[in-house]
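Notes follow once the structure below has been shown.
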Amino acid sequence: MQLSDAEKTILRASLMRFDDEREAMAELFYANLFALSPNLRSMFGPDIAGQTQKTMLELSAIVALLDDTEACRNMIEDLALRHIEYGVLEEHYPKVGEALMRTIEQVFGTNFSQEYYATWRKAYSEMSRIMIAAAYPEENSIAV
């Protein structure tokens with residue numbers, strides 16, 4: 001992902017803050033996601049808490065690899081390919097991003113600077129761009 005050193009530092013620092021608010025964030029994130037896209041609820045089992053653990057671990061692993069661009073990209077692309085198996089479609093990514101940003105705002109409010117919000121928006125945008133490109137590459141079409 002194309003992030004500055006300062007942005008990487010922000011992501012790492014905020015992940016530690018997220019860890020302290022994990023339960024509240026999980027509850028709000030999924031509530032926000034399902035409010036924005038009720039049709040996505042059926043993609044998740046009843047164990048949302050377990051899903052939250054997986055999400056936080058994946059996010060932490062990606063952030064840990066930010067300095068190794070190739071390894072980070074490979075992890076994100078692998079994540080994208082696994083999400084295809086779960087039924088994730090390209091059009092789901094914007095709603096997930098919107099739910100994430102709403103959640104951050106609700107949990108941290110004014111205790112989370114605009115710089116942090118902007119960094120998370122940029123990071124999610126970059127990550128989703130990589131995931132979409134990996135999961136839904138343009139098909140080579142033959143002109144008929």
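Scope of the values below: all heavy atoms of this structure, side chains included, with no hydrogens, waters or symmetry mates.
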Taking C-beta and beyond as the side chain, do [X] and [Y] meet within less than 4.5 Å on heavy atoms?
{"X": "F29", "Y": "R102", "result": "no"}
{"X": "L11", "Y": "Y116", "result": "no"}
{"X": "R73", "Y": "I76", "result": "no"}
{"X": "N111", "Y": "R17", "result": "yes"}

Check this for me: E105, atom CD, are more than 12 non-hydrogen atoms of other residues, nucleotides or ligands nearer than 6.0 Å?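 Count not over threshold, so no.
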
Tell me, yes or no, whether the heavy-atom count around E70 atom CD, taken from other residues, nucleotides or ligands under 6.0 Å, exceeds 12.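 Open.
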
Any chance you could measure [X], atom [atom1], to [Y], atom [atom2], to the nearest 0.5 Å?
{"X": "S60", "Y": "R12", "atom1": "OG", "atom2": "CZ", "value": "11.5 Å"}
{"X": "L59", "Y": "Y124", "atom1": "CG", "atom2": "OH", "value": "11.0 Å"}
{"X": "D67", "Y": "C72", "atom1": "CG", "atom2": "SG", "value": "9.5 Å"}
{"X": "E27", "Y": "T103", "atom1": "CD", "atom2": "OG1", "value": "10.5 Å"}

Evaluation steps, side-chain contact (heavy atoms from CB on, under 4.5 Å), between E77 and M131: CA-CA 5 Å; E77 289 174 347; M131 290 179 77; over 6 Å; no

Candidate pair V63 and L66, rule side-chain contact (heavy atoms from CB on, under 4.5 Å), full reasoning: CA-CA 5 Å; V63 171; L66 287 175; 4.0 Å; yes

Short question: side chain of [X], backbone of [Y] - any donor-acceptor pair under 3.5 Å?
{"X": "H92", "Y": "V88", "result": "no"}
{"X": "S4", "Y": "E7", "result": "yes"}
{"X": "T119", "Y": "E115", "result": "yes"}

Any luck finding a side-chain donor-acceptor pair between N32 and E98 under 3.5 Å?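 No, no side-chain donor-acceptor contact under 3.5 Å.
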
Do you know which two heavy atoms are closest between F112 and S14, and how far apart they sit?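 Looking at all heavy atoms of both residues, the closest pair is CZ-CB, 3.4 Å.
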
Going only through I, L, V, M, F, W and Y residues with side-chain contacts under 4.5 Å, is there a path from [X] to [Y]?
{"X": "I130", "Y": "I84", "value": "yes"}
{"X": "M127", "Y": "L89", "value": "no"}
{"X": "L36", "Y": "M43", "value": "no"}

Using the side-chain contact (heavy atoms from CB on, under 4.5 Å) rule, take I62 and L79 through it: C-alpha gap first, then chi angles, then the decisive distance, then the call. CA-CA 10 Å; I62 290 168; L79 182 64; 4.0 Å; yes

What do the steps show when you test F44 against F34 for ring pair (Phe, Tyr, Trp, His ring centres under 6.0 Å), and what is the final call? CA-CA 10 Å; F44 296 86; F34 301 146; 5.5 Å; yes

Assess the residue pair F18 and V107 against the criterion (side-chain contact (heavy atoms from CB on, under 4.5 Å)); give the C-alpha distance rounded to whole Å, side-chain angles, the decisive distance to 0.1 Å, and a yes or no. CA-CA 9 Å; F18 291 170; V107 172; over 6 Å; no

